[in-house]
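What's counted below: heavy atoms across the whole structure, side chains too, no hydrogens, waters or symmetry copies. Residue numbering restarts at 1 for every chain, and letters A, B, ... go by the order of the sequence lines.
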Amino acid sequence: MQARIIMLVDLDYFFAQIEEKRNPALKDKPVVVCVYSGRTKDSGAVSTANYVARKYGVKSGIPISLAKTKLKDVDAVFLPVDKEYYSKVSEKIMNILRGYADIFEQVSVDEAYLDVSQKTRGSYLDASELAARIKDDVFNQQKLTCSIGVGPNKLVAKIAADYQKPDGLTVVKPEYVLRFLSPLPVRRLVGVGRKTEQRLETLGVKTIAQLARFDIQKLVDVFGRNLAAYFHNASLGIDEDPVEERGEPESLSKISTLKEDTNDITKILPVAYHLCEEVHKKLTQRQLVCRSVSIYVVASDLGMHSRSKTFENPTSDLQLFKDTVKELFEKFLAETDLQARRVGVKVSNLDKKEAMQKQLTSFFGG
DNA sequence: GTATGCTTTCGGC
DNA sequence: TTACGGCCGAAAGCATAC
């Protein structure tokens with residue numbers, strides 16, 4: 001058993017890059033791909049922006065109106081997301097990438113891990129050449145650039161891919177892992193978001209090197225055994241998480257923004273029932289059943305709240321979804337004064353429909 | 001004490 | 001000055017079972 005070589009391939013500013021390719025006139029302008037909520041003309045958020053727009057501080061997640069303010073003096077282009085089209089492009093690219101991997105794991109619409117240990121016979125020279133070839137192949141077939149990180153595990157591959165982009169290629173051999181990670185801010189580690197970053201900073205830990213040297217017992221006291229162990233290992237570039245082909249999703253959900261904020265259940269339920277129908281459609285298309293149903297509410301202050309219910313047995317019964325969603329909203333509204341801005345429905349605890357049938361068959365037939 | 005399951009929140013893209 | 005989507009998986013926090 002030889003050491004692993006793992007790649008992370010990340011498509012650059014994916015949605016906006018696809019729009020640039022679709023319409024080359026956009027090429028040198030700020031391009032902002034938006035999710036319009038439909039509430040008012042410009043309500044909604046930025047999904048992705050190209051690098052020209054990013055120079056003006058426009059990035060993923062900011063309000064569209066704020067993006068417009070930042071770009072008011074330039075000839076910027078605002079486009080609505082065309083998710084269906086991006087998904088088709090994604091599928092083609094993922095199929096290219098899959099062909100280069102011993103084991104392939106798609107993480108999101110624009111990101112995938114490739115375990116190339118066998119293919120490269122553990123050689124980083126081979127891995128570098130392979131990564132360059134993958135970039136060429138994706139560009140020649142789809143005219144899109146990507147950034148690739150190569151390293152001994154997912155953790156290092158991911159940080160390496162982020163290190164140089166767009167159109168980057170960063171290879172970190174095992175003997176360089178510590179030197180590579182040490183100066184980087186802890187924020188770069190998966191699992192360290194804004195909140196954890198703050199907590200670490202109060203402990204005097206800003207860089208990965210400082211995290212590596214930090215007393216492990218103190219880390220346990222603050223974050224608990226599991227998270228402390230993860231942080232400690234991560235700071236040393238240790239990560240055994242395998243690259244694994246992903247099967248069916250673990251949850252399916254739909255969310256939508258209400259015309260106006262409300263806590264009136266008669267205004268919420270028609271929307272929620274529609275979301276039930278959409279989620280039910282997704283579920284049955286994939287021939288899945290679920291055991292849990294959740295509602296979630298984004299309140300006026302943008303705080304996220306949710307409630308869920310788990311059944312005894314898996315189901316795909318639309319009426320049961322609607323009744324459960326009604327019950328959950330009634331309960332939620334009774335115990336809070338919040339006004340809902342957006343409402344969502346989620347099913348989780350998913351299973352293949354036939355798996356259930358098999359169980360039943362073997363039970364009755366067996 | 002550890003494992004397991006459920007609910008809720010967090011955070012990345 | 002403010003402004004604010006739609007997904008997904010991971011993790012936290014809690015309860016219960018062994």
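At whole-Å resolution of the value, CZ in Phe311(A) and P in dC6(B) are 13 Å apart. Here dG5(B) presents its C1' atom at 17 Å from NZ of Lys309(A), a figure rounded to the nearest Å. Between Leu302(A) atom CG and dC10(B) atom C1' there is a gap of 15 Å when expressed in whole angstrom units. The NE2-P distance, from His305(A) to dT9(B), rounds to 7 Å in whole Å. What separates CD of Glu260(A) from P of dC4(C) is a distance of 14 Å, to the nearest Å. The CG atom of Asp162(A) sits 17 Å away from the P atom of dG11(B) (whole-angstrom rounding). Note: NE2 (His274(A)) to C1' (dG6(C)) measures 14 Å, nearest angstrom. Atom CZ in Phe14(A) sits about 17 Å away from atom C1' in dG6(C), given to the nearest Å.
The side chain to side chain donor-acceptor pair (under 3.5 Å) contacts involving residues 298-311 of chain A comprise Asp261(A)-Ser300(A), Ser292(A)-Thr310(A), Arg307(A)-Glu335(A), Lys309(A)-Glu327(A), where partners must be two or more places apart or lie in separate chains. The stretch residues 230-241 of chain A participates, sequence neighbours left out, in these side chain to side chain donor-acceptor pair (under 3.5 Å) pairs: Lys154(A)-Asp241(A). Residue pairs meeting the side chain to side chain donor-acceptor pair (under 3.5 Å) criterion with at least one partner in residues 83-93 of chain A, sequence neighbours excluded, are Glu19(A)-Tyr86(A). The stretch residues 109-145 of chain A participates, sequence neighbours left out, in no ring pair (Phe, Tyr, Trp, His ring centres under 6.0 Å) pair at all.
Remark: Lys135(A) pairs with Asp167(A) by the side chain to side chain donor-acceptor pair (under 3.5 Å) rule, at least two apart or across chains. Residues satisfying the side-chain contact (heavy atoms from CB on, under 4.5 Å) criterion with Pro249(A), sequence neighbours excluded, are Leu252(A), Arg286(A). Take Lys267(A) and apply the salt bridge (charged side-chain N to carboxylate O under 4.0 Å, His left out) test, not counting sequence neighbours, and it matches Asp264(A). Taking Lys68(A) as the reference, Asp42(A) meet the salt bridge (charged side-chain N to carboxylate O under 4.0 Å, His left out) condition, with sequence neighbours excluded.
Residues from residues 34-60 of chain A that place a heavy atom under 4.0 Å from any atom of DNA chain C, listed by number: Val35(A), Ser37(A), Ser43(A), Gly44(A), Ala45(A), Ser47(A). For DNA chain C, the residues of residues 61-75 of chain A within the heavy-atom distance limit of 4.0 Å (strictly under) are Gly61(A), Pro63(A), Ser65(A), Leu66(A), Thr69(A), sorted by number.
Checking dG5(C), dT7(B), dT8(B) against the side-chain heavy atoms of Arg307(A) singles out dT8(B) as nearest.
Hydrophobic cluster of Leu178(A): the remaining members, joined at side-chain heavy-atom separations below 4.5 Å, are Leu236(A), Ile238(A), listed by chain and number.
Side-chain N or O atoms of Thr284(A) include none that pairs as donor or acceptor with a backbone N or O of Gln287(A) at under 3.5 Å. Side chain of Asn153(A) to main chain of Gly237(A): a donor-acceptor pair is present (N/O by atom type, distance under 3.5 Å, no hydrogens or angles).
Considering only side-chain N and O atoms, Arg187(A) lies under 4.0 angstrom from the phosphate OP1 or OP2 of dG12(B). In this structure, Arg341(A) reaches the dG5(C) phosphate: one of its side-chain N or O atoms is under 4.0 Å from OP1 or OP2.
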Exercise for the section: Summarise how protein sits on nucleotides 7-18 of chain C as a single string, 5' to 3': B when a protein heavy atom is under 4.0 Å from the base, S for sugar-phosphate-only contact, - for no contact. Expected result: SSSS-S------

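Look at the P atom in both dC4(C) and dG12(B): the space between them is 22 Å, to the nearest Å.
Both cation-pi conditions hold for Lys322(A) and Tyr273(A): the charged atom is under 6.0 angstrom from the six-membered ring centre and inside a 45 degree cone around its axis.
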